[in-house]
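Heads up, the thing below is written out as structure tokens.
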Amino acid sequence: MPRVSTFYGIVIAMYYQDHAPPQFHARYGNHEALIDIQALRILQGWLPRRALALVFEWANLRQSELLSDWSAAASGVPLAPIAPLD
């Protein structure tokens, strides 16, 4: 699972074989959530409230980059790193 960003102990990654809708995985400690990139909502899993708020804030700022990486993953090409939340 290629890691595309890390911030505040949160790891953001994508799988090459993931299916639509465009999505990414956010891990924090023992928790993981699958996030819809376009709708910015949880598809599956759970994160603590504060971690989830940070993930949504970051994803809102980086949505176009996430969609570009999603397209790259669908094509089987390497993913570009995405800047963390400042």
Side-chain angles (χ1 to χ4, degrees):
M1 171 170 58
R3 180 183 299 197
V4 295
S5 193
T6 303
F7 52 91
Y8 301 112
I10 300 165
V11 176
I12 306 295
M14 288 185 183
Y15 287 108
Y16 283 99
Q17 66 273 23
D18 271 349
H19 54 80
Q23 56 193 269
F24 65 88
H25 297 256
R27 285 184 286 141
Y28 181 72
N30 293 328
H31 307 287
E32 183 172 350
L34 186 60
I35 309 293
D36 182 314
I37 295 170
Q38 294 169 317
L40 293 180
R41 66 180 180 91
I42 294 178
L43 296 170
Q44 183 179 330
W46 182 86
L47 289 175
R49 184 175 43 165
R50 181 68 181 136
L52 184 59
L54 291 169
V55 167
F56 284 153
E57 179 182 349
W58 173 82
N60 188 52
L61 294 169
R62 306 289 184 213
Q63 199 167 24
S64 63
E65 294 166 88
L66 284 162
L67 288 170
S68 292
D69 267 358
W70 172 261
S71 294
S75 300
V77 299
L79 307 182
I82 300 176
L85 188 63
D86 294 329

Salt bridge (Lys or Arg N to Asp or Glu O under 4.0 Å) partners of residues 73-86, not counting sequence neighbours, each pair once =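 Sorted result for residues 73-86: empty, none.
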inquiry  = For residues 4-15, which residue pairs pass the salt bridge (Lys or Arg N to Asp or Glu O under 4.0 Å) check, not counting sequence neighbours?
reply    =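 Listed by first then second residue: nothing to list.
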task = Using the six-membered ring wherever Trp is involved, compare the ring planes of Trp58 and Phe24 and label them parallel, tilted or perpendicular (cut-offs 30° and 60°).
result =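 If you compare the ring of Trp58 with that of Phe24, the planes turn out perpendicular.
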query = Excluding sequence neighbours, so at least two apart, what forms salt bridge (Lys or Arg N to Asp or Glu O under 4.0 Å) with Arg27?
reply =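 None.
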key: Heavy-atom pair with the smallest gap, counting every atom of Pro84 and Ser5   =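 Distance-wise, the nearest heavy atoms are CA-OG, 3.5 Å.
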key: Heavy-atom closest contact (Pro2 atom, Tyr16 atom, distance)   =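 For Pro2 versus Tyr16, the nearest heavy atoms are CG-CE1, 3.2 Å.
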Once you round to the nearest 0.5 Å, how far does [atom1] of [X] lie from [atom2] of [Y]?
X     : Y     : atom1 : atom2 : answer
Asp69 : Leu79 : CG    : CG    : 4.5 Å
Met14 : Ile82 : CE    : CD1   : 5.5 Å
Asn60 : Glu57 : CG    : CD    : 8.5 Å

key: Derivation and outcome, side chain to side chain contact (heavy atoms under 4.5 Å, CB included), residues Ile12 and Phe7   = CA-CA 9 Å; Ile12 306 295; Phe7 52 91; 3.8 Å; yes
task = Sort and list the pairs that fulfil side-chain hydrogen bond (donor to acceptor under 3.5 Å, both in side chains) and have at least one residue in residues 37-52, not counting sequence neighbours.
result =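 Listed by first then second residue: nothing to list.
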Excluding sequence neighbours, so at least two apart, what forms side-chain contact (heavy atoms from CB on, under 4.5 Å) with [X]?
X     : result
Ala83 : Arg62
Thr6  : Arg3, Val11
Leu61 : Leu85

request  = Using the side chain to side chain contact (heavy atoms under 4.5 Å, CB included) rule, take Ile42 and Phe56 through it: C-alpha gap first, then chi angles, then the decisive distance, then the call.
outcome  = CA-CA 10 Å; Ile42 294 178; Phe56 284 153; 4.2 Å; yes
Under the ring pair (Phe, Tyr, Trp, His ring centres under 6.0 Å) rule, collect the residues that match up with [X], sequence neighbours excluded.
X     : result
Tyr8  : none
Trp70 : none
Tyr15 : His25

ask   = side chain to side chain contact (heavy atoms under 4.5 Å, CB included) between Glu65 and Val4: does it pass, once the steps are laid out?
value = CA-CA 10 Å; Glu65 294 166 88; Val4 295; over 6 Å; no
note = Students should find that the hydrophobic cluster of Leu43, defined by side-chain heavy atoms under 4.5 Å apart, otherwise consists of Leu34
